[in-house]
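Notes to accompany the following structure.
Reminder, nothing fancy here: chain letters follow the sequence lines and each chain counts from 1.
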Protein chains: 2
Amino acid sequence: MAPRKIKNMEEFAAVSGLSRPTVSKYFNDPETVRRSTRDRIEAALAQYDYRPNIYAVNQNRRLTKNIGIVVPFLADPFFAEIARTIETLCIEAGFRPILLSSHGDRAVECENLDSLKSLKPAGVLMAPLGRASDRRAIERFCDEVPTVLFDSNIDSVGEDFIGSDNQQSIGMIVDYLYRTGDPPAFFEMSKPVNPNAIKRRTAYLSAMERLGLAPRLIQVAGEGWAFEEIGFQAGGTVLAKRTRPKTVLCSNDRLAIGLLSAAFELQLRVGHGPDADIRVAGHDDHPFARFTCPGLTTVAQDYAAIARRSVARLVDLIGSGARAGRGADTLFPGKLIMRTSA
Amino acid sequence: MAPRKIKNMEEFAAVSGLSRPTVSKYFNDPETVRRSTRDRIEAALAQYDYRPNIYAVNQNRRLTKNIGIVVPFLADPFFAEIARTIETLCIEAGFRPILLSSHGDRAVECENLDSLKSLKPAGVLMAPLGRASDRRAIERFCDEVPTVLFDSNIDSVGEDFIGSDNQQSIGMIVDYLYRTGDPPAFFEMSKPVNPNAIKRRTAYLSAMERLGLAPRLIQVAGEGWAFEEIGFQAGGTVLAKRTRPKTVLCSNDRLAIGLLSAAFELQLRVGHGPDADIRVAGHDDHPFARFTCPGLTTVAQDYAAIARRSVARLVDLIGSGARAGRGADTLFPGKLIMRTSA
DNA sequence: AGAATTATTTTACGCGCGTAAATTTTTTAT
DNA sequence: ATAAAAAATTTACGCGCGTAAAATAATTCT
């Protein structure tokens, strides 16, 4: 019992009866050694519980097995969920994910990229802040590290972009709302941080035009990532007016959550029933959207597909070693989630 | 312009006119070199933008500047928030935080500890899963790495524990609910994953006894971390019965969010008004608690204080180099947050 | 069985830095 | 001003591994 402690790969190679370079090869890719050799190593591994020193391993490797994951705001459950999915997929693909949040802050985002650069990652999956991002810094980063952007795009940056088809999803829910009642007004922040927000506005306008309807934008002040608070405060003001719309489509679910809270406080009945005062819809299918009062009608982003495709693309890029320059954009369609709020 | 690229510390030392070990000393602690030396290095640093290779740096250091942060479930905004605060504090203290989530899974928690061990962290801040944790694995880990537990305790493990005083906070809200209406029933999961849940139940029972009241536990089935869903499903059943309580105190806010959603669906009026059907209170002051319908009366955990103290204790431990064995527990009191749900 | 192929071992070197010990410089005390 | 003490710097060595090239062994094919 209690076999002596293994200090390094040399010793481990000794107890497995192999040379160190062979063992090294095994740890880089177990498939590259003979079956019998592999069995011997794995037997020794079970007995001695040795792990190569991460720092020594990565010092001389051109490319590490690290994959950086950068999200703009981890306290948003949407990003927490997608990050979790991506993490799992990276591990399954044989990489070591390193999760960083930019906390909604441009400077932090830059620091994250700097930190990652010094970790020599094989690749990076990044959901940028959007407008608040330092475009130049991200460009420079993408020049050095294979990077796939997801969720929110920055034109002509990164190898690839994977996201949602806002044109389709907003078009769909505008159609739905129009067919089942009054056409929606669009509730959003006047200075959106996120490219998706801008695309959704455009999509709303074009959908209304297509239907031959007059658009109505409700643009409210507010900055940062406290969307619920902004939706609540500004929404309260909007809803208190006599001119309030009969149907509101919010640029995202978190704004809608705040708006629903404001509506409740004003004792407005939200829903599609005959005695309802107002209909509210959102976008994203936020994890909490089904627990709002009433449940929020919204469009689900296919975040599982986005995560899968993003990881797959990055792994491809890493495998091919190709820095193919600007690649293609992939947009996944949204799915209408009908609950009781609209 | 465009000075030649710096490959390593040797080159950087050359362009700053110093020897490499001196530069190395500077990067370990700028205070340990002479003022004039420091100025020269920092001037060169501004011009050449060199960063020491992380892997080479940590290979020979006994102790890295890494601090591991392990939370049980990052998709829970409460943990996302406290993790964010802790991250910032670690950076301010001159360390490099590494954030890992156990995703509510025992095996993942163990893997996280293994990963951390091979990163040779100076210390670790850990919020364990609780009952689902592999106690032995955590014990072994704490033997090797200075570890401060926070949020949820595992008796006799780790150097220190920082958390909330459930006895105080539950006692306070039970008092409040009793003084302002009917005494509360306690809504919880029958098999709680979290030690806090168990302490809260005990605290509820003792508070009721102190007040000379008959306790009423409503224990519902359900496992995992989908608290809203459990609160919604089980809560719907409970609230539909004629025997439903007039006042419900939920073991945590996420259960309460689900319960509120169920109440809304049953068209029950929640609140402390004269025409209300039921009062609902929670615990934690979850980031979304103020946007529920109606706003959730709850107890705020002082997560900023917990984060500050946890980091401070760990930095102390690291500084003193002392493995003092089992230290003290620090419990912060909660703060009553009166909203309209109770 | 012999040749061609594939897998493994040996040899040899270097990565970029930490760190103890030796040396030099600077500061303080006399 | 000079010696002693303290601080800063340099010298010298090694960490644990990757990796390339050459040599050897095992396997497969004809």
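Put simply, NZ on K7(B) is 14 Å from P on dG14(C), counting in whole angstrom units. Atom CG in L119(A) sits roughly 16 Å away from atom P in dG16(C) (whole-Å rounding). Put simply, NZ on K65(A) is 13 Å from P on dG18(D), counting in whole angstrom units. Between I6(B) atom CD1 and dG16(C) atom C1' the separation is 14 Å, expressed in whole Å. Here dG14(C) presents its C1' atom at 12 Å from CD of Q59(B), a figure rounded to the nearest Å. Note: CD (E10(B)) to P (dT9(D)) measures 16 Å, nearest angstrom. Rounded to whole Å, atom C1' of dC15(D) lies 18 Å from atom CD1 of I54(B). Straight-line distance from the OH atom of Y55(B) to the P atom of dC15(C): 18 Å, rounded to whole Å.
Counting only heavy atoms from C-beta on, P52(B) has its side chain closest to dC17(C) among dC17(D), dC17(C), dT27(D).
The aromatic rings of W225(A) and F73(A) lie parallel to each other, with less than 30° between the two planes, well short of the 60° mark. F27(A) and F12(A) have tilted rings, their planes meeting at an angle from 30° to 60° on a 0 to 90° scale.
Between P72(B) and V193(B) the shortest side-chain heavy-atom distance does not fall below 4.5 Å. You'll find the side chain of R38(A) stays beyond 4.5 Å of the side chain of I41(A), heavy atoms only. Between L74(B) and R84(A) there is no side-chain heavy-atom pair separated by less than 4.5 Å.
Between T37(B) and dT9(D), a side-chain N or O to OP1/OP2 separation shorter than 4.0 Å is present. In this structure, N60(A) does not reach the dG18(D) phosphate: none of its side-chain N or O atoms is under 4.0 Å from OP1 or OP2. In this structure, Y50(B) reaches the dC17(C) phosphate: one of its side-chain N or O atoms is under 4.0 Å from OP1 or OP2.
Here the side chain of S152(B) pairs no donor or acceptor atom with the backbone of P195(B) at under 3.5 angstrom.
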* To do: Tell me, with the steps shown, if E144(A) and R140(A) meet salt bridge (charged side-chain N to carboxylate O under 4.0 Å, His left out).
  => CA-CA 7 Å; E144(A) 297 183 31; R140(A) 277 199 306 275; over 6 Å; no
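Residues from residues 18-30 of chain B that place a heavy atom under 4.0 Å from any atom of DNA chain C, listed by number: R20(B), P21(B), S24(B), N28(B).
In this structure, R35(B) and N53(A) both approach DNA chain D, and ranking their closest nucleotides by distance from the 5' end singles out R35(B). When the nearest nucleotides of DNA chain D are assigned to V57(A) and R34(B) by heavy-atom distance, the more 5′-ward of the two goes with R34(B).
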